[in-house]
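Inspection log for the structure reproduced underneath, given as structure tokens.
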Amino acid sequence: MEIFIIKNINQLTYDTFEMILEGNIKESTRPGQFVNIQIDGLFLRRPLSVCDVKKNELTLIFKVVGEGTARMSKMKVGDSLDLLCDLGNGYNISVKMERPLLIGGGVGIPPLYYLAKKLIEKGFSPQVILGFNKKEDVFYEKEFSDLGLDVAVCCVDGSYGLKGFATAGMKGKDFDYIFTCGPEPMLKAVYDTSEINGQFSFEERMGCGFGACMGCTCKTKNGYKRICKEGPVLLKKEIIW
Amino acid sequence: MVDLKVNLSGLEMDNPIIPASGCFGFGKEVAKYYDINILGSFCTKGTTKHERFGNPTPRIAETPSGMLNSIGLQNPGIDHVVENELVEIKKYFKKPVIANISGFSVEEYVYCVEKLRGIDNVGLIEINVSCPNVKDGGMTFGTDTSLIEEVTREVLKVADKPVYIKLSPNVTDIAEMAKAAEAGGAHGLSVINTLLGMRIDIKKRKPILANITGGLSGPAIFPVSLKMVYQVYKAVKIPIMGIGGVSSAKDVIEMMMAGARAVQVGSMNLINPYACKEIIENLPKELLALKVNNINEIVGGAH
């Protein structure tokens, strides 16, 4: 457990917040890994994907969906948080690929930002599709563009960018590998839309987040996997749908 | 110097702190956080005759000062556990463990316990007759005195280690269940398993848990488990492991004063992987503050 201090909180949309934390975060943290956060007054920790890592600095993005995230959104600069770090497998970026495509939906987008940076470090120039419900939900379009990447934004209601689900942005794109994270219906749609291989990051309600309680197990073609331990990232070829 | 050593039916332990079954896997995950050899022992994940996936997810829901789980006894089956997990445990845990066994028939319990014969790093067997999350078994055994007595008696015929029966709180009178286990020859009792509960997602108008109900654990249930340990201590002569919502060294002392000879820590391990380490470190000073030099002095001290 590590104590982090809130360095900054930015409200990105009406319900989505970016939190910059200062503390001992390992620079070896892999994109797609998560931290599990203790929140005063609540029993279970709250798992959140790592959005960015710099030296002694961790960025998290969360949407207010329940009691835990509501309390986090009201925290102040200088407040401290108790985190379990280095959780989950994260994305494997040492796979055979040339033209990776990143597809994120809603709060599934944050881990793709850190992933994009890591891919760029390795010499890739990933294409990015960000999916939202409506214009008011859009965040991090500029941050991805500032990395020098081709970013397509899709909104289900057509109020901004391409009209449709994130999969609408896949048409006409030339890619040979997929990294994706988002709500399960979106992951399923991505899975069905393309034959291309890839890595899919899943969500589940967790007890511990480090593999002890078996609260988040799913079935895969390679046996039972704990989303918190052998996941949250699964290979496309092992997913059972 | 405070003496924390306790003895459970011949199993010598450096201290009375034992992570509870289902909250510690087979120890490997927590061993990454600290050297788990400081523990008295630990209870392994509930194991059945056959491999089980368990219940569909969501299996976890939060509650005030606690949580519900409906894992449904996910485990790789006794044969796999004996051949793999119990062998691998020796790499990071040098002491005997407590093997937790579940079943859906007397025959299944007996099968599993027989498989544990001669396994040298199992110091004690805990028979779970109280899993609230599986149909046609588990808790059904633990709510019927004649079944408890029968399972206990049959398991003891094949066991080569002390056998403790883990009781369910979801009964009218837990003392009667305790007496049935004692009559069947149990060496001791684990008191209690989780309490049945549920939560509803008000936006979806559906239960949060896919299994609808689950077992309630965490600090919320501490007063309930404490009372049941107190009650069982009065009813039987065999030793008790107290379980239920223990989160601090002071809780351990309360539990022992109620009658527990050792104490299991459950869901606190999940939210703080260092929970047992912190409790073990704090126990001596909490005992000294009470002028207690040997922890065994306090067992049943509240009666």
Side-chain angles (χ1 to χ4, degrees), chain A residues 1-3 26 35-47 63-71 81-89 183-184 202-232 234 240, chain B residues 19-33 42 45-46 51-76 199 201-203 208-210 214 216-220 245 247 266-275 278:
Chain A
M1 295 179 304
E2 298 283 348
I3 301 298
K26 284 189 196 155
V35 296
N36 215 359
I37 307 168
Q38 180 86 66
I39 296 164
D40 278 350
L42 297 176
F43 190 68
L44 294 174
R45 288 173 181 264
R46 299 301 195 265
K63 177 174 160 171
V64 175
V65 288
E67 191 59 31
T69 42
R71 289 188 191 203
L81 279 172
D82 172 339
L83 268 59
L84 278 175
C85 299
D86 215 16
L87 302 175
N89 58 350
E184 207 168 308
F202 286 80
E203 245 190 351
E204 188 51 81
R205 277 178 187 263
M206 292 176 186
C208 64
F210 56 88
C213 76
M214 311 291 157
C216 61
T217 310
C218 70
K219 288 177 182 168
T220 76
K221 287 174 189 161
N222 295 327
Y224 304 157
K225 292 202 168 185
R226 293 163 291 185
I227 291 295
C228 73
K229 189 78 184 175
E230 291 88 22
L234 300 180
I240 299 172
Chain B
S21 179
C23 299
F24 213 70
F26 289 92
K28 194 163 73 177
E29 290 76 19
V30 182
K32 291 197 174 96
Y33 290 102
F42 74 85
K45 172 69 188 163
E51 180 187 25
R52 287 178 56 82
F53 172 69
N55 290 322
T57 55
R59 296 175 174 182
I60 303 286
E62 193 172 49
T63 68
S65 294
M67 62 182 280
L68 291 164
N69 86 80
S70 61
I71 311 298
L73 292 173
Q74 182 189 339
N75 79 93
R199 295 299 306 264
D201 181 329
I202 58 171
K203 285 181 197 153
I208 291 176
L209 297 172
L216 178 64
S217 63
S247 63
S267 33
M268 282 310 288
N269 291 296
L270 305 181
I271 60 162
N272 174 8
Y274 301 96
E278 290 170 5

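Model, not experiment: these values are computed from the prediction. Here is how names work: the chains are called A, B, and so on, in the same order as the sequence lines, proteins then strands, and each is numbered from 1.
- Nearest heavy-atom pair across B:E62 and A:L44 is OE2-N, 2.7 Å.
- Annotation: maximal heavy-atom pairing with chain A below 4.5 Å, among B:K45, B:M67, B:K28, B:M268, occurs at B:M67.
- Contact annotation for B:P273: both backbone and side-chain heavy atoms come within less than 4.5 Å of a heavy atom of chain A.
- In this structure B:E278 satisfies the salt bridge (Lys or Arg N to Asp or Glu O under 4.0 Å) test with no other residue, sequence neighbours excluded.
- Among the candidates B:A61, B:P58, B:G66, B:P64, the residue making the largest number of heavy-atom pairs closer than 4.5 Å to chain A is B:G66.
- For A:F210, the parts lying under 4.5 angstrom from a heavy atom of chain B are both the backbone and the side chain.
- Counted within 6.0 Å of CD1 on A:I240, heavy atoms from surrounding residues, nucleotides or ligands total more than 12; the atom is thus considered enclosed.
- With chain B as partner, the option from A:K229, A:E67, A:E204 having the largest number of non-hydrogen pairs under 4.5 angstrom is A:E204.
- Considering every non-hydrogen atom in both A:F43 and B:S65, the closest pair reads CD1-C, 4.0 Å.
- For B:R59, the side-chain hydrogen bond (donor to acceptor under 3.5 Å, both in side chains) test picks out A:T217, B:Q74, with sequence neighbours left out.
- Top candidate by heavy-atom pairs under 4.5 Å with chain B, chosen from A:L84, A:D82, A:N36, A:I227, is A:L84.
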Would A:C213 and B:I60 satisfy side chain to side chain contact (heavy atoms under 4.5 Å, CB included), going step by step from the backbone distance to the final call?
-> CA-CA 10 Å; A:C213 76; B:I60 303 286; 4.2 Å; yes
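- With rounding to the nearest 0.5 angstrom, the CD atom of A:Q38 is 5.0 Å from the CD1 atom of B:I271.
- Considering only heavy-atom pairs separated by less than 4.5 Å from chain A, the leading option among B:V30, B:I208, B:N75, B:T63 is B:I208.
- Under a cut-off of 6.0 angstrom, the local environment of NZ in B:K203 is sparse, with at most 12 non-hydrogen atoms contributed by other residues, nucleotides or ligands.
- A:A212 approaches B:C23 most closely through the heavy-atom pair CB-O, 4.0 Å.
- Of the listed residues (A:G41, A:G215, A:G68), the greatest number of heavy-atom pairs within a distance under 4.5 Å of chain B belongs to A:G215.
- Taking both residues in full, the closest heavy atoms of B:E29 and A:G211 are given as CD-O, 3.5 Å, listed atom of the first, atom of the second, then distance.
- For the pair A:K219 and B:F53, the distance from NZ or CZ to the six-membered ring centre is under 6.0 Å and the angle to the ring normal is within 45 degrees.
- The distance from atom OG1 of B:T57 to atom CD of A:E203, rounded to the nearest 0.5 Å, is 11.5 Å.
- Considering only heavy-atom pairs separated by less than 4.5 Å from chain A, the leading option among B:Y274, B:F26, B:F24 is B:Y274.
- Counting all heavy atoms, side chain and backbone alike, B:N272 lies closest to A:M1 at OD1-CE, 3.2 Å.
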